[in-house]
Novice: 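Okay, here's the structure, questions in a sec.
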Amino acid sequence: QVQLVESGGGLVQAGDSLRLSCAASGRTFIGYAVGWFRQAPGKERDFVAGISWSGGSTHYAGSVKGRFTISRDNAKNTVYLQMNSLKPEDTAVYYCAADSYGLGLSDGGEYDYWGQGTQVTVSS
């Protein structure tokens with residue numbers, strides 16, 4: 001069992017940056033792909049970014065490519081999502097999820113464990 005806890009969300013202005021963290025407890029993150037997803041009010045959950053279990057590949061939604069960067073620090077059991085040039089349309093609850101030996105792809109159904117989410121609000 002893997003417990004995931006997101007942190008780093010908050011209220012920022014358009015153009016600002018935030019770094020989200022996804023910390024694992026219960027067992028190591030090693031061997032797990034991690035994805036970031038987001039859900040805005042009244043909308044479906046969308047894939048944002050993912051990193052493979054090896055860290056060798058990353059994937060991004062088109063809407064965040066070039067602005068967001070996913071990375072992992074296995075020694076700290078933590079995956080990060082660096083978000084730059086934030087826009088009001090990035091406002092959502094952000095969730096991280098873990099997939100055993102996955103590739104960090106966009107299908108949420110592939111992920112076995114989910115965190116509780118952290119709110120990101122970007123004002124214009």
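Nothing fancy with the numbering, it's 1 onward along the sequence.
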Novice: Measure the CD-CD distance between Gln119 and Gln39 for me, rounded to the nearest 0.5 Å.
Specialist: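 So the gap between those two atoms works out to 11.0 Å.
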Novice: Testing Thr58, Leu81, Leu18 one by one against Phe68 for a side chain to side chain contact (heavy atoms under 4.5 Å, CB included), which residue passes?
Specialist: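 So, applying the side chain to side chain contact (heavy atoms under 4.5 Å, CB included) to Phe68 and each of Thr58, Leu81, Leu18, only Leu81 qualifies.
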Novice: Hydrophobic cluster membership, with links at side-chain heavy-atom distances under 4.5 Å among I/L/V/M/F/W/Y: are Tyr113 and Val48 in one?
Specialist: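 Yes, Tyr113 connects to Val48 through the hydrophobic network.
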Novice: Under 30°, 30 to 60°, or over 60°: which ring-plane class applies to Trp114 and Phe37, parallel, tilted or perpendicular?
Specialist: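 The rings of Trp114 and Phe37 sit tilted, inter-plane angle from 30° to 60°.
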Novice: Got a donor-acceptor contact below 3.5 angstrom from the Arg72 side chain to the Phe29 backbone?
Specialist: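 Answer holds: yes.
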Novice: When hydrophobic residues are tied together by side-chain contacts of less than 4.5 Å, even through go-betweens, does Tyr111 share a cluster with Leu20?
Specialist: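 Each belongs to a different hydrophobic cluster.
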Novice: When you group the ILVMFWY residues by side-chain heavy-atom contacts below 4.5 Å and let the links chain together, are Leu86 and Val64 in the same group?
Specialist: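 Yes; tracing contacts between hydrophobic side chains, which count when under 4.5 Å, links both residues.
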Novice: Roughly how far apart are Ser25 OG and Leu4 CG, rounded to 0.5 Å?
Specialist: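 These two atoms lie 7.5 Å from each other.
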Novice: Going from OG on Ser17 to CG on Asn84, what distance comes out if it is rounded to the nearest 0.5 angstrom?
Specialist: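 Atom-to-atom, Ser17:OG and Asn84:CG are 3.5 Å apart.
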Novice: Ignoring hydrogens and geometry, is there a side-chain-to-backbone donor-acceptor pair from His59 to Leu103 under 3.5 Å?
Specialist: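 Such a contact is found between His59 side chain and Leu103 backbone.
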Novice: Step by step, work out the side-chain contact (heavy atoms from CB on, under 4.5 Å) result for Met83 and Val122.
Specialist: CA-CA 11 Å; Met83 306 187 296; Val122 185; over 6 Å; no
Novice: Which heavy atom in Asp73 sits nearest to a heavy atom in Tyr80, and how many Å separate them?
Specialist: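 For Asp73 and Tyr80, the tightest heavy-atom pair comes out as CB-CE1, 4.0 Å.
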Novice: Looking only at non-hydrogen atoms, find the nearest pair between Ser124 and Pro88 and report the distance.
Specialist: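 That closest heavy-atom pairing would be CB-CG, 3.8 Å.
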Novice: From Trp36 CH2 over to Tyr60 OH, what is the distance, rounded to the nearest 0.5 angstrom?
Specialist: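 Output value for this atom pair is 12.5 Å.
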Novice: With under 30° as parallel and over 60° as perpendicular, where do the rings of Trp53 and Tyr101 fit, or are they tilted in between?
Specialist: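 Plane angle over 60°, so perpendicular.
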Novice: Main chain of Gly9, side chain of Thr118: is a donor-acceptor contact present, judged purely on distance under 3.5 Å?
Specialist: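 A pair under 3.5 Å: yes.
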Novice: I'd like to check Val120 versus Arg38 (side-chain heavy atoms, cut-off strictly below 4.5 Å). Are they in contact?
Specialist: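 Result no, sub-4.5 Å side-chain heavy-atom pair not found.
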Novice: Are there more than 12 heavy atoms of other residues, nucleotides or ligands under 6.0 Å from atom CD of Gln116?
Specialist: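 No, CD of Gln116 has 12 or fewer neighbouring heavy atoms, counting only those of other groups under 6.0 Å.
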Novice: Quick one: pull up OG in Ser54 and CG in Asn74 and give me the separation to the nearest 0.5 Å.
Specialist: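 Between Ser54 OG and Asn74 CG, I get 9.5 Å after rounding to 0.5 Å.
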Novice: Under the criterion side-chain contact (heavy atoms from CB on, under 4.5 Å), I'd like the reasoning laid out for Val79 against Ile70: C-alpha separation, chi angles, the key distance, then a yes or no.
Specialist: CA-CA 7 Å; Val79 170; Ile70 189 170; 3.9 Å; yes
Novice: For residues Tyr32 and Ile51: do they belong to one hydrophobic cluster (side chain heavy atoms under 4.5 Å, members Ile, Leu, Val, Met, Phe, Trp, Tyr)?
Specialist: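 Yes, one cluster joins them.
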Novice: Could you state the interatomic distance from SG (Cys96) to CD (Glu6), rounded to the nearest 0.5 Å?
Specialist: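 Between Cys96 SG and Glu6 CD, I get 4.0 Å after rounding to 0.5 Å.
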